[in-house]
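Written out below as structure tokens is the structure these notes cover.
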Amino acid sequence: MKDINFFKGKSAHYQSKSGSLYLYTKQGVYRYSNHWGRVANCRWKISGIEKYRSQDYYVGYANWSDFFPLNNAEKSFYLDVDYSVGKTKIIRSREENNTAHFLMTSDFAHQRLKQINALFKDYKWAKYFDEDIDELRVRLIDNLISSNTSIQELKRNL
């Protein structure tokens, strides 16, 4: 994450219709924007900000080597969960034939990510179970990141 003043005095190489500025270097691209996530055919993740707020402007940077085509037919992503802080992230597997993780398409991984984030925030789903919610959550999320079974089916089988 770069300082918000990074673009002052510099000319952007490109300005999008929504007002995002891009500055290209040999190593990568700097982006000044107030919206992150899916942008055109890219997915931009903003990290390194403790109190991220949507619609605030931030400067982000990505190496050219971090860009790759989004082919939603390929199963080349997996989810990594840090239960201690309730954080989940999508990771692209750069290895061929990776059998250490359950691989998903990009769209499916993002769908699972939303479901998992909801499980960390919401407690209503667990009120019918006579079990510790933290243990339930771990079992359910472990099943979500290792199968394509629907969340409803997984909850029924808890």
Side-chain angles (χ1 to χ4, degrees), residues 1-2 16 18 20 22 24-56 58-158:
M1 186 56 43
K2 288 285 185 186
S16 69
S18 62
S20 297
Y22 297 83
Y24 307 118
T25 69
K26 288 182 182 181
Q27 293 77 30
V29 60
Y30 291 91
R31 180 170 183 249
Y32 175 72
S33 183
N34 69 343
H35 56 282
W36 300 86
R38 187 167 196 133
V39 179
N41 63 352
C42 294
R43 292 186 197 259
W44 286 85
K45 282 188 171 184
I46 193 81
S47 60
I49 299 173
E50 281 188 37
K51 296 186 180 188
Y52 171 80
R53 292 188 335 201
S54 182
Q55 299 308 308
D56 281 356
Y58 299 97
V59 177
Y61 174 80
N63 290 314
W64 291 120
S65 61
D66 294 332
F67 287 89
F68 52 88
L70 283 178
N71 177 349
N72 199 42
E74 286 183 32
K75 293 181 178 182
S76 53
F77 299 89
Y78 65 92
L79 295 172
D80 182 53
V81 181
D82 183 345
Y83 293 102
S84 64
V85 293
K87 295 283 185 183
T88 307
K89 60 184 174 181
I90 297 175
I91 299 173
R92 181 175 187 260
S93 174
R94 296 192 185 268
E95 302 171 19
E96 293 292 322
N97 301 319
N98 183 344
T99 57
H101 301 281
F102 180 78
L103 297 178
M104 309 169 201
T105 63
S106 174
D107 283 347
F108 189 72
H110 280 86
Q111 175 189 358
R112 286 292 204 217
L113 179 68
K114 286 180 184 177
Q115 292 170 335
I116 292 168
N117 287 338
L119 291 173
F120 278 120
K121 290 178 184 171
D122 186 24
Y123 295 88
K124 293 177 189 173
W125 65 272
K127 69 181 179 182
Y128 299 105
F129 296 94
D130 188 27
E131 203 171 325
D132 178 66
I133 188 167
D134 292 326
E135 292 175 18
L136 272 172
R137 186 183 288 122
V138 168
R139 285 198 350 249
L140 183 54
I141 291 172
D142 281 350
N143 288 328
L144 280 170
I145 66 173
S146 61
S147 76
N148 58 6
T149 306
S150 74
I151 191 169
Q152 294 83 3
E153 182 70 24
L154 292 172
K155 283 179 181 178
R156 275 196 295 271
N157 293 328
L158 280 177

### Query
Between Leu144 and Leu119, does a side-chain contact (heavy atoms from CB on, under 4.5 Å) hold up when you go through it step by step?
CA-CA 11 Å; Leu144 280 170; Leu119 291 173; 3.7 Å; yes
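- Screening residues 145-158 for salt bridge (Lys or Arg N to Asp or Glu O under 4.0 Å), with sequence neighbours left out, gives Glu153-Arg156.
- Shortest non-hydrogen contact noted between Val29 and Trp64 is CB-CH2, 3.9 Å.
- Annotation for Asp82 and Ser84: closest pair OD1-OG, 2.6 Å, computed over non-hydrogen atoms.
- Across all their heavy atoms, Phe120 and Lys87 have their closest contact at CE1-N, 4.3 Å.
- Every pair tested for salt bridge (Lys or Arg N to Asp or Glu O under 4.0 Å) that includes a residue from residues 110-121 fails, sequence neighbours excluded, so the list is empty.
- In this structure, Tyr83 and Ile141 approach most closely via the heavy-atom pair OH-CG2, 3.3 Å.
- Proximity of Leu158 to Leu136: side-chain heavy atoms (C-beta onward) are separated by under 4.5 Å at one or more points.
- Residues satisfying the side-chain hydrogen bond (donor to acceptor under 3.5 Å, both in side chains) test with Asp122, not counting sequence neighbours, are none.
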### Task
Could you walk me through whether His110 and Phe77 pass side-chain contact (heavy atoms from CB on, under 4.5 Å), step by step?
CA-CA 10 Å; His110 280 86; Phe77 299 89; over 6 Å; no
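- Remark: Ile91 engages Tyr78, Asp80, Lys89 in a side chain to side chain contact (heavy atoms under 4.5 Å, CB included) (not counting sequence neighbours).
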### Message
Assess the residue pair Tyr30 and Thr25 against the criterion (side-chain contact (heavy atoms from CB on, under 4.5 Å)); give the C-alpha distance rounded to whole Å, side-chain angles, the decisive distance to 0.1 Å, and a yes or no.
### Response
CA-CA 8 Å; Tyr30 291 91; Thr25 69; 3.8 Å; yes
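- Legend: residues meeting side-chain hydrogen bond (donor to acceptor under 3.5 Å, both in side chains) with Asp134, ordered by chain and number and at least two apart, are Arg137.
- Proximity of Ile133 to Trp125: side-chain heavy atoms (C-beta onward) are separated by under 4.5 Å at one or more points.
- Taking OG of Ser146 as the start and CE of Met104 as the end, the distance is 8.0 Å to the nearest 0.5 Å.
- Taking both residues in full, the closest heavy atoms of Asn148 and Phe108 are given as CA-CZ, 3.7 Å, listed atom of the first, atom of the second, then distance.
- Every residue meeting the side-chain hydrogen bond (donor to acceptor under 3.5 Å, both in side chains) condition with Ser18, not counting sequence neighbours, appears here in chain and number order: Ser16, His35.
- Smallest separation of non-hydrogen atoms from Ser76 and Leu103: C-CD2, 4.3 Å.
- To the nearest 0.5 angstrom, Tyr58 atom OH is 11.0 Å from Ser33 atom OG.
- Between the CG atom of Leu113 and the CD1 atom of Ile145 there is a distance of 11.5 Å, given to the nearest 0.5 Å.
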### Task
Applying side-chain hydrogen bond (donor to acceptor under 3.5 Å, both in side chains), run through Tyr128 and Asp130 and close with a yes or a no.
CA-CA 7 Å; Tyr128 299 105; Asp130 188 27; over 6 Å; no
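- Here OG of Ser65 is found 10.0 Å from CD of Gln27. Values are rounded to the nearest 0.5 Å.
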